[in-house]
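Only one structure is covered here, and it is reproduced in the block below.
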2 protein chains.
Amino acid sequence: MEAFGNNLRRLRKEKGFTQEKLAFEIGIEISQISRIERGILNTSVSTANAISKALKVPIRELFDFDRDRLS
Amino acid sequence: MEAFGNNLRRLRKEKGFTQEKLAFEIGIEISQISRIERGILNTSVSTANAISKALKVPIRELFDFDRDRLS
DNA sequence: TAAAAAATAGGCAAATTTGCCTATTTTATT
DNA sequence: AATAAAATAGGCAAATTTGCCTATTTTTTA
């Protein structure tokens, strides 16, 4: 959950999206993006899918839960 | 959401899991598995991740939301 | 370094998900 | 066809997520 958030933040920045832009594109609240990135909440499969589509990143990259341990 | 459920059902069967076995392995209720497969609810990212690990299928396959349109 | 932009924080009510439960229906096995 | 196994249905309370909101802090830009 925390890893998901870290992946999201990294990928979002790589793609040049602000939280606001991403939130707007997928039609959710910016406060939700913030909470997801910070690992405060465990969002749904459909939001995860929408994020992956909006950022044009493979879903696998968001779910790469082990990546963080490396860095 | 519906597609996620269909993918789950197909993959679960391919791997020879009953709903009960899968539920037990990931520590959730069998009624939840049933509801997820039927597209009644939109489960969380962490449950999706646990399912992918338990079934040993890539997360991408669960999220292959467009697959259904083919069949 | 001042102003603007981006991100964080958190309160609150409504909506949704979850676990626990019992009962019924469908599918597979003998 | 009868029994057993698997899946569906749904009620209910507790827990969690969501949207909407305002305020504050941090980061970036001029």
Side-chain angles (χ1 to χ4, degrees), chain A residues 1-69 71, chain B residues 1-69 71:
Chain A
M1 199 166 101
E2 213 175 288
F4 184 92
N6 291 336
N7 288 340
L8 170 54
R9 172 161 301 160
R10 177 176 46 78
L11 292 164
R12 174 178 61 77
K13 288 186 174 169
E14 281 175 19
K15 297 291 180 168
F17 280 61
T18 64
Q19 291 183 341
E20 193 175 23
K21 181 179 176 193
L22 177 58
F24 176 77
E25 297 246 332
I26 69 184
I28 70 171
E29 278 293 313
I30 183 176
S31 62
Q32 285 301 100
I33 301 287
S34 175
R35 290 189 263 225
I36 295 165
E37 288 191 356
R38 284 176 287 140
I40 288 175
L41 56 84
N42 192 8
T43 196
S44 66
V45 150
S46 59
T47 297
N49 190 55
I51 290 171
S52 141
K53 289 279 198 299
L55 294 181
K56 296 196 177 80
V57 298
I59 194 78
R60 177 183 55 71
E61 294 202 33
L62 285 164
F63 277 82
D64 199 356
F65 276 30
D66 304 321
R67 183 193 168 94
D68 300 308
R69 297 191 202 137
S71 61
Chain B
M1 199 166 99
E2 211 175 290
F4 184 93
N6 291 336
N7 288 340
L8 170 53
R9 172 162 301 162
R10 177 176 46 79
L11 293 164
R12 174 178 61 78
K13 288 186 175 170
E14 280 175 20
K15 298 288 180 168
F17 280 60
T18 64
Q19 291 183 341
E20 192 174 23
K21 182 178 176 192
L22 178 57
F24 176 77
E25 298 246 333
I26 69 185
I28 70 171
E29 278 293 314
I30 183 176
S31 62
Q32 285 301 99
I33 300 287
S34 175
R35 291 190 262 225
I36 295 165
E37 289 191 354
R38 285 176 286 141
I40 289 175
L41 56 84
N42 191 8
T43 195
S44 66
V45 151
S46 61
T47 297
N49 191 56
I51 289 172
S52 140
K53 290 278 198 298
L55 295 181
K56 298 196 176 79
V57 298
I59 195 79
R60 177 184 54 71
E61 294 202 32
L62 286 163
F63 276 81
D64 199 355
F65 276 30
D66 304 322
R67 184 195 166 91
D68 299 307
R69 297 194 202 134
S71 60

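Only a predicted model underlies this, so the values are computations on that prediction, with no experimental measurement involved. In the text below, chain A, chain B and the rest are named by the order of the sequence lines, each starting its count at 1. Heavy atoms only: backbone and side chains are in, while hydrogens, waters and symmetry mates are out.
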What's touching nucleotides 15-18 of chain C from the protein side, N or O pairs under 3.5 Å?
from   : atom 1 : to      : atom 2 : distance (Å)
C:dT17 : OP1    : B:Asn42 : N      : 3.1
C:dT18 : OP1    : B:Thr43 : OG1    : 3.1
C:dT18 : OP2    : B:Gln32 : NE2    : 2.8
C:dT18 : O5'    : B:Gln32 : NE2    : 3.1

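Listed pair A:Arg9 / C:dA6 fails the phosphate criterion, with no side-chain N or O lying under 4.0 Å from OP1 or OP2. Taking 4.0 angstrom as the limit, B:Gln19 places none of its side-chain polar atoms (N or O) nearer than this to OP1 or OP2 of D:dA5. Regarding contacts with the backbone of D:dT8, a side-chain N or O of B:Ser34 is found under 4.0 angstrom from either OP1 or OP2. Contact between the side-chain N/O atoms of B:Arg38 and the OP1/OP2 oxygens of D:dA9 is found at a separation under 4.0 Å. Contact check, A:Thr18 against C:dA6: no side-chain N or O comes under 4.0 Å of OP1 or OP2.
Residues A:Leu8 and A:Leu55 form a side-chain contact, since some pair of their non-hydrogen atoms from C-beta on lies under 4.5 Å apart. Two residues are said to be in side-chain contact when any heavy atoms from C-beta on lie closer than 4.5 Å; B:Asn7 and B:Arg10 meet this criterion. Two residues are said to be in side-chain contact when any heavy atoms from C-beta on lie closer than 4.5 Å; A:Val45 and B:Val45 fail this criterion.
Taking the side-chain contact (heavy atoms from CB on, under 4.5 Å) definition, one finds that A:Ala50 meets it with A:Ile26, sequence neighbours left out.
When every heavy atom of A:Leu62 is checked against every heavy atom of A:Ala48, the shortest pair comes out as CD1-O, 4.0 Å. The two residues B:Leu22 and B:Ala54 come nearest to each other via the heavy atoms CD1-CB, 3.9 Å. In terms of heavy-atom proximity, A:Pro58 sits nearest to A:Ser52 at C-OG, 4.3 Å.
For residues 34-43 of chain A, the set of pairs meeting the side-chain hydrogen bond (donor to acceptor under 3.5 Å, both in side chains) definition, not counting sequence neighbours, comprises A:Arg9-A:Glu37, A:Arg12-A:Glu37, A:Gln19-A:Glu37, A:Ser31-A:Arg35, A:Gln32-A:Arg35, A:Ser34-A:Arg38, A:Asn42-B:Ser44, A:Asn42-B:Ser46. Residue pairs that meet the salt bridge (Lys or Arg N to Asp or Glu O under 4.0 Å) test with at least one member in residues 19-29 of chain B, sequence neighbours left out, do not exist here.
The CD1 atom of A:Ile30 sits 17 Å away from the P atom of D:dA23 (whole-angstrom rounding). Atom NZ in A:Lys21 sits about 17 Å away from atom C1' in C:dA7, given to the nearest Å. Rounding to whole angstrom units, CG of residue B:Leu8 and P of D:dA6 are separated by 17 Å. In this structure, the CD1 atom of A:Ile33 is 14 Å from the P atom of D:dC20, given to the nearest Å.
If you find the closest nucleotide of DNA chain D to B:Ser31 and to B:Glu20, the one lying nearer the 5' end belongs to B:Glu20.
Note that OG1 of A:Thr18 is 11.5 Å distant from NZ of A:Lys13, once rounded to the nearest 0.5 Å. Rounding to the nearest 0.5 Å places CZ of B:Phe24 at 13.0 Å from CD1 of B:Ile33.
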Scan nucleotides 24-30 of chain D nucleotide by nucleotide, 5' to 3', and note B when protein non-hydrogen atoms come under 4.0 Å of the base, S if they reach only the sugar-phosphate, - if neither.
-> -------
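Annotation: the terminal axes of the helix from C:dT1-D:dA30 to C:dT30-D:dA1 meet at 70°, where each axis is the rotation carrying the C1' atoms of four end pairs onto the next four (5 pairs per end, rounded to 10°).
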